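First the structure, in the form of structure tokens, and then the observations on it.
Quick note: residue numbers are just sequence positions, from 1. This one's a predicted model, so the numbers in the text were calculated from it and none came from an experiment. These numbers come from the heavy atoms of this one structure, side chains and all, not from hydrogens, waters or symmetry mates.
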Amino acid sequence: MKQNMFMAMALSCCWLSACKNNAPAPVIYESYSRLKTGNYWIYQVFEVDSAGNGSPTAEYDSCYISKDTMIRGNTYYFLTSQNGGAGGYTCERWLRDSLSYLVDDKGRKWFSSEPQPGPFAAFPLQEPPSPDTLAWIEEGMEEGYATTAVPAGLFLTLNCRRTITIRQAGSTAQQVRYAHRRYALHLGIVSETMPFLPESTHFREKRLVRYGIQ
């Protein structure tokens, strides 16, 4: 009887060990945001015309992780800019890495390191108190990597593209504009189109000059 019990226990151990060995390895997603309190990025601002030509200005922007906090059991980091919310679309927000995504404390996705079948954000642009929609905005990832040149060097980047479809008042004509946030592995944002008005014919882009990350 005891011998049968020992044999059953041994078989159970072998079965559990085999299941453990056959279990799939956990997926590890590399960070493209480098969220840690004290990390900073210095950018130079470029004026970019409608043809895509960039001219450097004497203006710089400093972005840094100023603090962290726990929200619903997860650690979020506050990305701030010396220019406030005008410094970039993800500035002045609580952010964290969530698997392949960069998300804020409201659950909105801002980036993904994995291919996406379509946009992960879509919403109207309105100017209260008017209910009129000035533009329709979608954000999603472009396919594949691209080499991005900035003052800090050359980087292999993934691009989160914002598509702004502007509706002309009193007309069915539409104008499409694009904004870009380019991320490098283990570094963060390398270049970013800064917020602009829908009627603008040119825009400003910040490009990485130097950084300090842990």
Hey, are the side chains of R34 and L187 touching, using non-hydrogen atoms and a 4.5 Å cut-off? no

Once the angle between the rings of Y101 and F120 is folded into 0 to 90°, is it parallel (under 30°), tilted (30 to 60°) or perpendicular (over 60°)? perpendicular

Any side-chain heavy-atom pair from Y77 and L79 closer than 4.5 angstrom? no

Ignoring hydrogens and angles, tell me if any N or O in the side chain of E205 forms a donor-acceptor pair with the backbone of F203 under 3.5 Å. no

If you take all heavy atoms of L158 and G144, which pair is closest and at what distance? CD2-O, 3.6 Å

Should Y145 and M141 be regarded as members of a common hydrophobic cluster, given that ILVMFWY residues are connected when their side-chain heavy atoms come within less than 4.5 Å of each other, either directly or indirectly? yes

Does Y89 have R162 sitting over its ring (NZ/CZ under 6.0 Å from centre, angle to axis within 45°)? yes

With the 4.5 Å side-chain cut-off for hydrophobic clustering, are I189 and V150 part of the same group? yes

Show, in sequence, the C-alpha distance, side-chain angles and deciding distance for Y211 and W41, and conclude whether the ring pair (Phe, Tyr, Trp, His ring centres under 6.0 Å) test is met. CA-CA 4 Å; Y211 53 91; W41 301 263; 8.3 Å; no

Is the closest side-chain donor-acceptor distance between Y183 and E192 under 3.5 Å? no

Are I71 and L102 joined in one hydrophobic group, where the rule is that I, L, V, M, F, W and Y side chains link up if heavy atoms are under 4.5 Å apart? no

Is it the case that more than 12 heavy atoms not belonging to E143 sit under 6.0 Å from its CD atom? no

If you compare all heavy atoms of A179 against all heavy atoms of I164, which two are closest, and at what distance to 0.1 Å? N-CD1, 4.2 Å

Got a donor-acceptor contact below 3.5 angstrom from the T193 side chain to the H180 backbone? yes

Is there a side-chain contact between M70 and T75, using heavy atoms and a 4.5 Å cut-off? yes

Taking G107's backbone N and O only, do any of them form a donor-acceptor pair with D104's side chain (distance below 3.5 Å, no angle check)? yes

Kindly determine whether T90 and L95 satisfy side chain to side chain contact (heavy atoms under 4.5 Å, CB included), including the steps that lead there. CA-CA 8 Å; T90 58; L95 303 167; 4.2 Å; yes

Minimum-distance pair of heavy atoms, taken over all atoms of P56 and Q44: CB-NE2, 3.6 Å

Does E138 come within less than 4.0 Å of R161, counting only side-chain N to carboxylate O? no

Test item: T57 side-chain N/O and V45 main-chain N/O as donor-acceptor pair under 3.5 Å: yes

Do T147 and L156 have side chains that approach each other closer than 4.5 Å (heavy atoms only, starting at C-beta)? yes

Any donor-acceptor pair under 3.5 Å from T157 side chain to A146 backbone: yes

Do the side chain of K206 and the main chain of F46 share a donor and acceptor less than 3.5 angstrom apart? no

Does E92 use its side chain to pair, donor to acceptor, with the backbone of S81 at less than 3.5 Å? yes

When you look at V103 and R108, which way does the side chain to side chain contact (heavy atoms under 4.5 Å, CB included) test go after all the steps? CA-CA 5 Å; V103 301; R108 178 177 168 180; over 6 Å; no

Hey, quick one: are F111 and L185 part of the same hydrophobic cluster, counting side-chain heavy atoms closer than 4.5 Å, chains of contacts allowed? yes

Would a 4.5 Å heavy-atom cut-off, applied to side chains only, mark L35 and I65 as touching? yes

Quick one, R181 and E139 - any side-chain contact, counting heavy atoms below 4.5 Å? yes

Side chains of W110 and R93: closer than 4.5 Å at any heavy-atom pair? yes

For a 4.5 angstrom cut-off between non-hydrogen side-chain atoms, does K106 reach W94? no

Scanning both residues in full, the closest heavy-atom pair of R72 with D105 reads NH2-O, 2.6 Å

Joint cluster assignment, F78 & Y43, ILVMFWY side-chain distance < 4.5 Å: no

Criterion side chain to side chain contact (heavy atoms under 4.5 Å, CB included) on Y178 and T163, from CA distance to verdict: CA-CA 5 Å; Y178 299 101; T163 303; 3.5 Å; yes

